Amino acid sequence: MTSRGRTTGKMKIKDILRDIINSALSDCVQKGALSIKVIPAIELETPKIQEHGDFSTNIAMILASEEKRSPRLIASAIAESIIDKDNVLAKVEIAGPGFMNFFINNDHWRNSLEEIEILGDSYGKSKAGEGKKVQVEFVSANPTGPLHIGHGRGAAVGDVLANILKAVGYDVVKEYYINDAGNQMETLGRSVFFRYLHLLGRDVALPSECYQGEYIVDIANDIVAKHGDRYLDEPDSKVISNFAVYAADSILEGIKEDLSDFGVKFDVWSSEKTFFESNKISEATEDLKKKGYIYQKDGAFWFRTTDFGDEKDRVVIRANGQPTYFASDIAYHKDKLERKFDMIINIWGADHHGYVPRMESVIQALGEKKEMLNILLVQLVNLMRNGQQVAMSTRSGEFDTLKEVVMEVGKDAARYFFLMRSSDSQLDFDLELAKKQNNENPVYYVQYAHARICSILRLAQEQGLNTPGFEDVGIDLLNLPEELTLIKQLLKYPEVIEGGAFALEPHRMTVYLNDLAGKLHSYYNKNRVLSNDLPLTRARLYLVKMVKIVLNNALHILGVYAPEKM
RNA sequence: GGGCGAUUAGCUCAGGGGAUAGAGCGUUGGUCUCCGGAACCAAAGGCCGUGGGUUCGAAUCCCACAUCGCCCGCCA
């Protein structure tokens, strides 16, 4: 029997290895085999090619110029000083120009599976975020129309990023900023008003700047149904502002419903209107005036954002005395800062990228470092059907709404599709592909892996075989290359989450899942889990159970259902 | 004209200083007496947009250029 080798406790293999190399380096320095004064940080990477081991380091190549010796000589000196007291190393090789390749004992990999069993739903979580307060603001669509597919991508990215940040120990607040003030509300009110007049038989032309969508007619219809023609007698301006409030509330309600159907819940809804009402907007501009960032020109007040590298200064108060959208966003971000977040993340459509420098100016003018604000720009979505782009036009009133897409392909497929690509790649979203129930559809591919395992576990149970615990499994029976590949993939999972959190790249989850599902399917097709060999069956049951846990955890982060059957 | 992003297999995209470049789709050819074929295996397919740099080493970093998308308002 091989030793269980659990002396390593909960320490991660990478950290163990780093310690080993560090000790070897200081040993070399003591013995005079190396002349460096300071031991540099050790980079450990996982080589692409299996023959290059589980981890490799370029440390010898980095030291070469300082040591004035060949990297390979340095590497062998370091290798000779290695003491592997926990017995995690199978071998160390020096290869290529001077890489040190480390091969980890298979026992170590196999024994690490127990951690997944013990942690269960918590496997993959960490405390790396140290409880720091993070605000993620996303969607924040104006309540002037239904959410479209671009908002959907922002919603998915924001929601899953928030899940990832939570998983690694950040204290996350998800927030939606409602632009329920300003010109657009007036326009909204007017749009409804004109439709209202139409419905009551008045022949007036709908101004081109008005919102043209069918949903405006619906709202006008509601008003007619409830109140008839009584608004015809009131002054237009009063009616328009009433209608604006009514429409905004109604649209916002729809937005909330669509988001909820999409699996997205916000912790805080901030309203621009309340910032106006509580004078926060004028306070914020006053504050900037006092700090000397505001000047007057052509009757308007300007924020000197060029002080912070913006290409031109920006108006905060128009010559007519009305604050701009920028002014209210200043107030909103001042409010964010006052709430003492350690990090602020804004998720915007890439068409707003020109706004980034001025927002960073705000943060700095208010005395913070611009690094605490992270603006994630999400590129646009091309809605496709069978490879053809679906026309999209708000002007014509034809919407490709999030709601329609979710109804057509389902929440799971929609969320998954939005997260398949890096945020700074444009995304082709093919509706027909998202509905397909075969291997062309990545969502099904991953969900199927989960269902497949459940099916095996179910069948095993019917045969009186419960999934055993680690102590009852001959873990070293998991000896096939595919099994070790699968195990290593499972053990990579915590790093994937952490990497995704620090890089703010939620799409790493789908990339990882696709990989894991593929390894499971491949293993399954080549080998039988349930067989006449009972000890082997138990070991393999244990393995697939661990795969199931990781699939489930990762899908949970994505907000995608992990089906037992499909 | 300026800014941001993209440019990797026929298509859609991963990979963001390391050793022999990755996946899915598509193409071609295989795998069902066997736990879910919604799956698997194999083959073909690449000057990583172009040209310069930086270094032991570049698809990756820097500078030009080209092409595509999006932005450049006292709109939001």
Side-chain angles (χ1 to χ4, degrees), chain A residues 43 45 47-49 51-52 56-58 61-62 64-65 70-71 95-99 101 140-142 144 179 181-185 187 209 272 297-302 311-312 314-329 349-357 377-380 382 384 387 420-428 430 433 436-445 447-449 451-460 462-463 503 505 507-508 510-512 514-515 517-518 520-531 537 540-541 544 565-566:
Chain A
E43 280 185 47
E45 62 175 39
K48 283 181 224 158
I49 298 158
E51 287 70 43
H52 294 155
S56 76
T57 183
N58 58 359
M61 282 135 83
I62 286 173
S65 63
S70 95
F99 289 104
N101 294 337
S140 296
N142 301 336
T144 54
N179 292 117
N183 282 341
Q184 53 181 348
M185 285 298 107
T187 305
E209 74 273 13
E272 182 183 9
K297 191 183 85 180
D298 302 332
F301 288 91
W302 300 69
E311 60 185 17
K312 54 175 282 198
R314 310 290 173 175
V315 171
V316 285
I317 299 175
R318 290 186 271 256
N320 66 8
Q322 288 298 311
T324 59
Y325 172 75
F326 185 38
S328 77
D329 230 8
D351 52 339
H352 288 75
H353 75 265
Y355 212 74
V356 172
L377 297 172
V378 180
Q379 293 290 333
L380 64 87
N382 296 311
M384 317 280 283
M420 281 195 307
R421 305 286 180 240
S422 133
S423 291
D424 45 35
S425 277
Q426 294 192 10
L427 172 72
D428 286 348
D430 196 308
L433 177 62
K436 276 191 183 156
Q437 307 210 344
N438 61 28
N439 59 359
E440 286 175 50
N441 186 341
V443 195
Y444 280 84
Y445 187 74
Q447 288 184 316
Y448 183 58
R452 182 171 246 178
I453 294 170
C454 291
S455 167
I456 298 169
L457 298 177
R458 225 179 290 129
L459 193 67
E462 283 165 19
Q463 296 171 4
E505 290 183 356
H507 76 282
R508 293 188 189 195
T510 53
V511 173
Y512 172 81
N514 213 313
D515 216 8
L520 185 273
H521 288 310
S522 173
Y523 174 63
Y524 173 92
N525 273 278
K526 205 165 160 190
N527 307 284
R528 287 195 58 87
V529 174
L530 306 176
S531 69
T537 297
R540 289 181 171 175
L541 269 178
V544 296
K565 289 181 182 175
M566 46 194 296

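Given the structure is predicted, the values throughout are model-derived calculations rather than measurements.
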Using atom P in both nucleotides, what's the gap between B/rG26 and B/rU12 to the nearest angstrom?
15 Å
When you check the phosphate oxygens OP1 and OP2 of B/rG36, does a side-chain N or O of A/Y444 lie under 4.0 Å from one of them?
no
For B/rG46 versus B/rA21, give the span between their P atoms, rounded off to a whole number of Å.
13 Å
With a 3.5 angstrom cut-off on both distances, give the Watson-Crick or G-U wobble partner of B/rC56, or none if there isn't one.
B/rG18
Residue A/K312, side-chain atoms from C-beta onward, closest of B/rG36, B/rC74, B/rA14
B/rC74
Which of the following nucleotides, B/rA19, B/rC72, B/rC75, is nearest to the side chain of A/H52?
B/rA19
A/H521 side-chain N/O to B/rG24 phosphate OP1/OP2 under 4.0 Å
no
B/rG45: pairing nucleotide in any strand, Watson-Crick or G-U under 3.5 angstrom
none
When all nucleic acid strands are considered with a 4.0 Å heavy-atom cut-off, which category describes A/V529: base, sugar-phosphate, or nothing?
base
Compare the minimum distances between each of B/rG18, B/rA76, B/rU20 and the side chain of A/M61, then state the nucleotide with the smallest one.
B/rG18
Of B/rC41, B/rC4, B/rC13, the nucleotide closest to the side chain of A/L377 is B/rC4
If you check the A/A300 side chain, which of B/rC75, B/rG18, B/rC74 turns out closest?
B/rC74
Do A/H352 and the base of B/rA76 stack face to face, with centres under 5.5 Å apart and an angle between planes under 30°?
yes
Would one find a side-chain N or O of A/S422 under 4.0 angstrom from OP1 or OP2 of B/rA14?
yes
Stacking between A/F99 and B/rA19, defined as ring centres under 5.5 angstrom apart with planes under 30°, is that present or not?
yes
With side-chain contact (heavy atoms from CB on, under 4.5 Å) as the test, pick out the partner of A/D428 among A/M384, A/M420, A/R421.
A/M384
For a quick test of reading the model, state the closest non-hydrogen atom pair linking A/A327 to A/P323 and the distance between them.
CB-CB, 3.8 Å
Presence of donor-acceptor pair under 3.5 Å, side chain of A/H353 and base of B/rG5
no
Please tell me which of the listed nucleotides, B/rC56, B/rC35, B/rA76, lies nearest to the side chain of A/N142?
B/rA76
Closest listed nucleotide, where the reference is the side chain of A/D351 and the choices are B/rG36, B/rC70, B/rC75:
B/rC70
A/V544 vs A/R540, test: side chain to side chain contact (heavy atoms under 4.5 Å, CB included). Steps then yes/no.
CA-CA 6 Å; A/V544 296; A/R540 289 181 171 175; 5.7 Å; no
Donor/acceptor link under 3.5 angstrom from A/S56 side chain onto base of B/rA19:
yes
Tell me if a side-chain donor or acceptor on A/T537 pairs with a main-chain N or O of A/S531 at a distance below 3.5 Å.
yes
Mind checking if A/M566 touches a base, just sugar-phosphate, or nothing, with heavy atoms under 4.0 Å?
base
Paired nucleotide for B/rA23 [Watson-Crick or G-U wobble; both distances under 3.5 Å]:
B/rU12
Where the side chain of A/Q379 is defined as all heavy atoms beyond and including C-beta, which of B/rC70, B/rC75, B/rG5 is the nearest nucleotide?
B/rG5
Residue-phosphate contact under 4.0 Å: A/K565 side-chain N/O, B/rG36 OP1/OP2:
no
Looking at side-chain heavy atoms only, is the closest gap between A/I317 and A/Q322 below 4.5 Å?
no
Could you work out the separation of B/rG24 and B/rC41 based on their P atoms and round it to a whole Å?
8 Å
What does A/F326 touch in the nucleic acid at a heavy-atom separation under 4.0 angstrom: a base, only the sugar-phosphate, or nothing?
nothing
Using purine N1 to pyrimidine N3 plus N6-O4 or O6-N4 for Watson-Crick, or N1-O2 and O6-N3 for G-U wobble, both under 3.5 Å, which nucleotide pairs with B/rC40?
B/rG30
Considering every strand and a 4.0 Å limit on heavy-atom distances, what is the contact class for A/S455: base, sugar-phosphate, or nothing?
base
Is the backbone N or O of A/N179 less than 3.5 Å from a side-chain atom of A/N142, with the two atoms forming a donor-acceptor pair by type?
no
Touch check for A/K48, heavy atoms < 4.0 angstrom, all strands: base, sugar-phosphate only, or nothing?
base
Could you tell me whether A/L459 contacts a base, only the sugar-phosphate backbone, or nothing, with contacts defined as non-hydrogen atoms closer than 4.0 Å?
sugar-phosphate
Opposite nucleotide pairing with B/rA66, Watson-Crick or G-U, both atom distances under 3.5 Å:
B/rU7
A/Y355 side-chain proximity, nearest of B/rG5, B/rA76, B/rA19:
B/rA76
Between B/rC32 and B/rU27, how far apart are the C1' atoms? Round to whole Å, please.
24 Å
May I ask you to evaluate whether A/R318 reaches the phosphate of B/rA76, defined as a side-chain N or O under 4.0 Å from OP1 or OP2?
yes
Atom-to-atom span, CG of A/L520 to P of B/rG37 - whole angstrom
12 Å
Ignoring backbone atoms, test whether A/K436 places a side-chain nitrogen or oxygen under 4.0 Å from the OP1 or OP2 oxygen of B/rG24.
no
Report which part of the nucleic acid A/D329 touches: base, sugar-phosphate, or nothing (heavy-atom distance under 4.0 Å, all strands).
nothing
Per atom distances to the A/E311 side chain, the nearest of B/rG3, B/rC74, B/rG5 is B/rG3
Name the nucleic acid region contacted by A/A95, choosing base, sugar-phosphate or nothing; use a 4.0 angstrom heavy-atom cut-off, strictly under.
base
Report which part of the nucleic acid A/N101 touches: base, sugar-phosphate, or nothing (heavy-atom distance under 4.0 Å, all strands).
base
Aromatic rings A/Y355 and A/F326: how do their planes relate, parallel, tilted or perpendicular, breaks at 30° and 60°?
perpendicular
Taking atom P in both B/rA6 and B/rG45, what distance in whole Å separates the two?
30 Å
Closer than 4.0 Å, any side-chain N/O of A/R540 to the OP1 or OP2 of B/rC35?
no
Expressed in whole Å, how much space separates the P atoms belonging to B/rC63 and B/rG3?
11 Å
Looking only at side-chain N and O atoms, does A/T324 come under 4.0 Å of OP1 or OP2 in B/rA76?
no
Touch class at under 4.0 angstrom, heavy-atom based, for A/I317 against every strand present
nothing
Which part of the nucleic acid, if any, lies within contact of A/D298, taking any heavy atom under 4.0 Å across all strands shown: a base, the sugar-phosphate backbone alone, or nothing?
base
